[in-house]
Amino acid sequence: MKIKEGYKARWLMDDAVSTTLLDSSGNGLNATTSSTLDSSFNNKGSARKVSATSQGIYRTNVLSSYASFTISTMYKLNSINTASNTYTNAILGITTGGANGVFIAISPFREISFYYYNGSAHLVSGSGIFLNLNEWVHLSLTASNGVYKIYLNGVQIHAITLSHNVGLNFSTCYVNGTYNTYTYIYGSYDDIIIWESTLSDIEIFNVYKYYFKEKRILLHSNNKIYSFDKQVDTWYETKMTSDTSPSPLIASSSSVWSSTFPAWKAFNGTNISSEDCWVTVGGSITGWIQLDFGSPKYCNKIKLTSRSGSTANACPKDFTISASNDGLTFDVIATITGQTNWALNETRMITFDNARKYRIYRLTVISNDGYSSYSAIGQLQFGYKGNTIFDLPKCSQENFIEYGQNELLNLNEPIATKNYILQDDTNIENEQGLWIKQINKKPLSISFN
């Protein structure tokens with residue numbers, strides 16, 4: 001694969017003089033860095049490591065317009081400073097040099113996000129996709145007339161629409177007033193490229209393929225050939241406005257403190273005040289809250305957020321996750337204990353093993369973090385991470401090319417879906433002179449007249 005030509009700036013990291021990264025595009029847009037040397041992702045050159053709050057890479061006036069651009073880099077997340085907070089998580093983006101800008105950001109939980117300041121508030125929009133530590137990936141940020149997209153390893157994972165001026169200056173960190181860096185997400189960069197145009201999906205995928213050269217892997221088990229189709233990593237967005245809206249969602253609970261604290265507020269997507277939550281009836285710290293999706297879904301992870309405003313210690317400490325397809329019989333699929341020391345409006349991601357689809361998921365509070373009058377949940381979100389595979393009829397060069405994977409990651413994740421590939425119809429004459437048609441596929445049904 002080839003990288004699309006016509007880029008505005010390119011910093012290979014190997015070409016550096018002291019604190020200057022030389023621009024290999026020929027446009028003379030050298031970048032300034034206070035980073036340190038690191039090995040490149042393929043160990044064939046140098047990368048630049050940002051490993052302190054005072055380090056970063058930036059270039060002023062790299063763009064002539066923020067209407068359309070693409071930024072690409074190889075990136076490795078090394079560590080996260082525990083002092084990190086909302087506006088110090090930016091790792092790559094465009095800024096005015098003041099507060100305004102738009103960045104790819106990494107949360108303290110390693111979630112890939114958008115960070116931006118729109119003139120009145122610092123805001124973050126998470127993708128639901130998380131990075132592993134010490135693993136090289138390819139990241140891209142694109143802009144097209146106010147629509148901004150993030151790509152991970154050549155695939156779009158998130159998009160937002162913004163209307164404010166984001167600036168013309170490149171930076172790997174949040175900038176406010178000067179180019180002093182405020183960096184708490186520590187990572188390494190290799191080969192940063194900026195185009196003053198919006199690359200298409202296939203062009204970004206080709207850039208990714210430039211770094212990760214082709215290799216093909218199929219799986220063999222019990223005389224069968226399989227290919228991983230993709231990994232599913234998603235959070236179910238609910239944004240409820242009542243216990244039964246939007247349809248077909250239905251939120252319910254064992255009790256509520258009052259009509260101010262109904263079950264649906266735990267699924268409304270916000271946690272802006274002490275009243276924006278679900279609370280059990282007064283005098284009881286036990287109880288359950290559940291969400292009926294209307295149709296079966298996989299779930300093996302949750303995001304649990306404590307109440308905002310007051311009584312963070314009313315958040316569950318010990319609880320179970322159970323699931324049902326009829327609302328009558330529930331299977332306990334996870335038992336969680338020891339969730340202590342909750343802060344206000346704190347979100348924790350909890351994963352567990354579950355490879356079955358259920359329509360209803362319930363969290364049952366056994367005890368909370370020490371509050372005696374009630375238990376409370378600011379937000380509860382369900383999600384799923386797993387694999388999808390193809391069952392291939394044979395091992396062939398064509399199938400290696402068409403279905404072979406570049407690498408096999410997260411093989412310990414459950415397999416959610418098995419798909420069948422239909423190939424190679426063959427006609428054979430048997431001993432009785434009858435012609436039989438052989439088809440390499442799993443039959444949908446067999447019937448006799």
Side-chain angles (χ1 to χ4, degrees), residues 109 128 234-240 242-244 248-257 261-271 276-308 311-371 373-385:
F109 301 100
T234 188
W235 293 99
Y236 302 121
E237 296 290 342
T238 50
K239 296 182 180 180
M240 299 191 73
S242 75
D243 280 341
T244 58
L249 301 178
I250 300 175
S252 58
S253 61
S254 57
S255 67
V256 296
W257 177 276
F261 305 98
W264 67 266
K265 284 192 175 181
F267 305 110
N268 67 357
T270 64
N271 192 31
D276 194 8
C277 62
W278 167 69
V279 180
T280 61
V281 68
S284 176
I285 65 170
T286 61
W288 55 261
I289 182 172
Q290 71 180 31
L291 181 64
D292 186 338
F293 284 98
S295 61
K297 293 184 180 295
Y298 290 107
C299 174
N300 61 4
K301 60 180 182 176
I302 64 167
K303 284 182 185 177
L304 181 61
T305 303
S306 60
R307 189 184 188 188
S308 178
T311 62
N313 60 343
C315 201
K317 181 187 75 171
D318 304 318
F319 56 93
T320 62
I321 304 295
S322 54
S324 173
N325 280 311
D326 59 10
L328 300 174
T329 302
F330 282 81
D331 300 324
V332 175
I333 58 176
T335 299
I336 312 300
T337 60
Q339 295 296 311
T340 59
N341 301 314
W342 284 93
L344 291 173
N345 198 25
E346 178 187 353
T347 299
R348 298 182 186 180
M349 185 181 73
I350 298 167
T351 61
F352 47 89
D353 293 331
N354 175 43
R356 288 188 60 188
K357 276 186 174 182
Y358 292 95
R359 196 188 84 209
I360 304 166
Y361 289 91
R362 172 183 290 183
L363 185 153
T364 301
V365 182
I366 300 171
S367 64
N368 65 26
D369 196 18
Y371 197 69
S373 297
Y374 53 76
S375 291
I377 292 176
Q379 282 292 289
L380 176 59
Q381 187 173 19
F382 298 100
Y384 178 74
K385 184 177 182 180

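Values below: every heavy atom of this structure, side chains too, minus hydrogens, waters and symmetry copies.
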To check you understand the geometry: which heavy-atom pair defines the closest contact between [X] and [Y], and what is its length?
| X | Y | value |
| --- | --- | --- |
| Asn368 | Ser375 | ND2-OG, 3.2 Å |
| Thr329 | Ser324 | O-OG, 2.8 Å |
| Ile333 | Ala323 | CD1-CB, 4.2 Å |
| Tyr298 | Ala355 | CE2-O, 3.3 Å |

Heavy-atom distance under 4.5 Å between the side chains of [X] and [Y], does that happen here?
| X | Y | result |
| --- | --- | --- |
| Tyr358 | Asp331 | yes |
| Ile302 | Tyr361 | no |
| Gln339 | Ile350 | yes |
| Phe382 | Thr238 | no |
| Gln290 | Ser252 | yes |

Item to check | Qualifying residue for side-chain contact (heavy atoms from CB on, under 4.5 Å) with Trp288, from Leu363, Thr364, Val365 | outcome: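 The passing option is Thr364.
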Item to check | Among Thr305, Thr340, Leu304, the one residue meeting side-chain contact (heavy atoms from CB on, under 4.5 Å) with Cys315 | outcome: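 Only match with Cys315 under side-chain contact (heavy atoms from CB on, under 4.5 Å): Leu304.
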Next on the checklist: Tell me whether the NZ or CZ atom of Lys317 lies within the 45° cone about the ring axis of Trp342 and under 6.0 Å from its centre.
Outcome noted: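 Cation-pi check for Lys317 and Trp342: fails.
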Next on the checklist: Please evaluate residues Phe330 and Ile360 with respect to the criterion side chain to side chain contact (heavy atoms under 4.5 Å, CB included), reporting the C-alpha separation (whole Å), side-chain torsions for both, the decisive distance (0.1 Å), and the verdict.
Outcome noted: CA-CA 9 Å; Phe330 282 81; Ile360 304 166; 4.0 Å; yes
Checklist entry - What residues, two or more places apart in sequence or in another chain, satisfy ring-ring contact (aromatic ring centres under 6.0 Å, His included) together with Tyr236? => result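 Checked Tyr236 against ring-ring contact (aromatic ring centres under 6.0 Å, His included); matches are Phe293.
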Checklist entry - For residues Gln379 and Asn268, is any side-chain donor paired with an opposing acceptor at under 3.5 Å? => result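 Distance-only check passes for Gln379 and Asn268.
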Checklist entry - Strictly by modelled atom types, are Asp276 and Thr270 linked by a side-chain donor-acceptor pair under 3.5 Å? => result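 Yes, Thr270 and Asp276 have a side-chain donor paired with an acceptor closer than 3.5 Å.
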